[in-house]
Amino acid sequence: MPQRGGELPPSKRPKLASAAAPFSSGLRKAMLLAPPGAKRQPPPAMGIESQRRSLPIFQARGALLGQLRSLDCAVLIGETGSGKTTQIPQYLYEGGIGRQGIIAVTQPRRVAAISLATRVSDEKKTELGKLVGYTVRFEDLTSDETKIKFLTDGMLLREAIGDPLLHKYSVVILDEAHERTIHTDVLFGVVKAAQKKRKDLGKSPLKIIVMSATMDVDQFSQYFNGAPVLYLEGRQHSIQIFYAKQPQSDYLQAALVTIFQIHQEAPSSQDILVFLTGQEEIEAMAKTCHDIAKHLPDSCPPMVVMPLYASLPYSQQLRVFQAAPKGYRKVILSTNIAETSITIAGIKYVVDTGMVKAKKYTPESGLEVLAVQRVSKAQAWQRAGRAGREDSGLCYRLYTEDEFEKFDKMTVPEIQRCNLASVMLHLLALRIPNVLTFDFMSKPSPEAIQAAIEQLVLLGAAERKDDQLILTTLGRKMAAFPLEPKFSKTILMSPRFHCSEEILTIVSLLSVDSVLHNPLSRRDEVQAVRKKFISSEGDHITLFNIYRAFKNISGNREWCKENFVNSRNMMLVSDIRAQLRDICLKLSIPLESSRSDTGNIRRCLAHSLFMYTAELQLDGTYATTDTHQPVAIHPSSVLFHCKPACVTYNELLHTNKCYMRDLCVVDADWLYDAAPEYFRRKLKAAKN
DNA sequence: ACGGCAGAT
């Protein structure tokens, strides 16, 4: 264990001088699970079959099969490295369980679904896409022979819209259930209902296996009618936990001090992973680390600092997997992407700030807010676990043990933190008898459900009839698109304005993060280059101009670089557009171009997005048309310096003000034409 | 005069 208390010479530590080292003395310790005699991963030279046999789970194969054969539902708890995800589907198949159908294994992430399918097809010595395959968006590598199918949870949900009883599947394995993604949470209810209905109708049974890494298994078991919980041994190594001695007022400063304390004391071959909250914070911290590292005494090893966040180009993300040059220490500054999505070998130290940036939703205002907040205990344990992948590790928590005790036990599931319009539309499309009483494992608030339904009724996707909520013909079509309801509505409106080709492009552009790249340091350049695309009609038309220019040079990456366009996202836009176009063709939606008539495009947007509009007030500010909430034009909009009388916006971003993002200039008359009843009602409400 | 974690159909 490294010595504590050794500090930089005072002259060399200007940025650290005032900081109290969080770990100077009085360390508190705790231990994570440490299975006795845990073994290292077998060397890769070992044959594939002996590798399978050397996994801890292999010892339990017979017992597991015996149990799973007789159970309708089971909850399987296994630490990482137990081999449950690759082995259980094979055991079932080899044991002749569920052979009448397909064994589905869902994953929250595309890359996981693809790499697991590849691994399992290798183990079965079959070609990928034959016995073992995968289905993710834009890619389907399955065939009539496929019996073990890995797919994203979102993909199985989409399949369920076409076949709510999931007839082709005999077993559904919901993996990584502890992550509680919005899709997994909806799937819980969908598979549970499908299982019951198949039983009631005397159809072939559906077996449900929930796989999770968490220790909090009671709610899974309870939800699935008291399903038995089976435990599997894992290969997690021991991790020592250190808590801060006293509360830290500045977690960034505390992180900095801790990084350099470890750096001075530990052998340079031991890497450090630091959990921070966002891109800007990470970039700033990386710069500070560089600056300090330059002034360290010669006795200190040199340092390579690597930022890691999702919007970082892949080439730079990949750097974190490379070993640092000999004698250098690798310090990775990461968002929660390293909590689940990216696993880095060789991490000895984890520094946990205890903070995370996460979405919150307030149904009253319909606002989603992204805020820095405390992690949950479960999340803190997940972070600590990143230090014990190959060997024992150490985790420094920049908060006290008392503070930790006050953290929430579990992270609030995503389904309780976001707008539910899409989810409710899906449930209606799944022919759920009463969406208001849908059997969620963790129920969203009644307010959130009501707000979502309100939105669907406004869009014309659903209707209230004798206390019942019914999906309209329009709603059924909307559910066919992998989009937010307001965007699918816009597409379905576009034939009326003869601009479906343009709307397809615009909707695709709006449904990715951002195709524009705005490096702070090159602001003037960005502005100069972007000038040629700017439309006085707003951001939608501007984005459309950029896409057209991109297509004219047939997706040239050099062009993207010159024009500060994110080529990764631009390619995604292109794929999404092709997919949406296919769906339009299947629904016999006429595809027309409005040519140079942008007025029609804006009319179409106004008619479908009339509830996302704002008007200029006499005092020069803006207020939303429906609730008269004060809002402002976001400075990133091309309309920032303009004062159009009436605009539609894509979303409200709540930071220090309430900003409208992605604006389009519209005519107020269009809005009243689009929804006279709606605005009459709003006007009345405003007068009272 | 602002600035956005992660993931997916």
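Convention: sequence-line order gives letters A, B, ...; per-chain numbering from 1. When reading the values below, keep in mind they use all heavy atoms of this one structure, side chains included, and skip hydrogens, waters and symmetry mates.
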*CG of Leu333(A) versus P of dC5(B): gap in Å, rounded?*
14 Å
*Name the residue closer to the 5' end of DNA chain B, choosing between Val356(A) and Ser511(A) according to the nucleotide with the nearest heavy atom.*
Val356(A)
*With heavy atoms under 4.0 Å as the rule, sort Phe481(A) into base, sugar-phosphate or nothing.*
nothing
*Identify whether any heavy atom of Val372(A) sits under 4.0 Å from a base atom; if not, whether one sits that close to sugar-phosphate; answer base, sugar-phosphate or nothing.*
nothing
*Looking across every strand, which nucleic acid part, if any, lies under 4.0 Å from Ile337(A) by heavy atom: base, sugar-phosphate, or nothing?*
sugar-phosphate
*Does OP1 or OP2 of dG4(B) have a side-chain N or O of Ser514(A) closer than 4.0 Å?*
no
*If you find the nucleotide of DNA chain B closest to Asn518(A) and the one closest to His426(A), which residue's nucleotide is nearer the 5' end?*
Asn518(A)
*Any idea which of dG4(B), dA6(B), dA8(B) is nearest the Ala310(A) side chain?*
dA6(B)
*Which part of the nucleic acid does Lys359(A) contact within heavy-atom distance under 4.0 Å: base, sugar-phosphate only, or nothing?*
base
*For Glu651(A), answer base if it contacts any base atom (sugar-phosphate contacts may also be present), sugar-phosphate if it contacts only those atoms, and nothing otherwise; contact means non-hydrogen atoms under 4.0 Å.*
base
*Assign Arg137(A) to base, sugar-phosphate, or nothing according to its heavy-atom contacts below 4.0 angstrom with the strands shown.*
base
*Between dC5(B), dG4(B), dC2(B), which nucleotide has the shortest distance from any of its atoms to the side chain of Pro635(A)?*
dC2(B)
*Under 30°, 30 to 60°, or over 60°: which ring-plane class applies to Phe404(A) and Tyr399(A), parallel, tilted or perpendicular?*
parallel
*dG4(B) base to Arg661(A) side chain: any donor-acceptor pair below 3.5 Å?*
yes
*For Ile161(A) and dA8(B), what is the distance between atoms CD1 and P respectively, to the nearest whole Å?*
18 Å
_Gap between atoms CG and P, on Leu312(A) and dG7(B) respectively (whole Å)_ = 12 Å
_Member of Asp352(A), Leu252(A), Val274(A), Thr258(A) meeting the side-chain contact (heavy atoms from CB on, under 4.5 Å) criterion with Leu398(A)_ = Thr258(A)
*Could you check how far CG of Leu663(A) sits from P of dC2(B), rounded to whole Å?*
16 Å
_Nucleotide of dC5(B), dA1(B), dG4(B) approaching Leu653(A) most closely (side-chain heavy atoms)_ = dG4(B)
*Tell me: CZ of Arg109(A) to C1' of dA6(B), nearest whole Å?*
9 Å
*So what does Glu414(A) touch, heavy atoms closer than 4.0 Å: a base, only the sugar-phosphate, or nothing?*
base
*Would Arg522(A) count as a cation-pi partner of Phe564(A), with NZ or CZ less than 6.0 Å from the six-membered ring centre and within 45° of the ring normal?*
no
*Ile282(A) CD1 to dC5(B) P: how many Å, rounded?*
8 Å
*Counting just side-chain N and O atoms, does Thr335(A) come under 4.0 Å of either OP1 or OP2 of dA6(B)?*
yes
*Going by distance alone, is a donor N or O of one side chain under 3.5 Å from an acceptor N or O of the other, for Asp513(A) and Ser311(A)?*
no
*Within this structure, what is the CE-to-P distance between Met660(A) and dC2(B), rounded to whole angstrom?*
14 Å
*With a 4.0 Å cut-off on heavy atoms, is Thr152(A) in touch with a base, just the backbone sugar-phosphate, or nothing at all?*
sugar-phosphate
*Any salt bridge between Glu501(A) and Arg577(A), counting N to O under 4.0 Å?*
yes
*Tell me: CD1 of Ile342(A) to P of dG7(B), nearest whole Å?*
7 Å
*asked:* Under a plain distance cut-off of 3.5 Å, with no hydrogens placed, do Gln416(A) and Ser442(A) share a side-chain donor-acceptor pair?
replied: no
*Between dC2(B) and Arg523(A), is there an OP1 or OP2 to side-chain N/O distance shorter than 4.0 Å?*
no
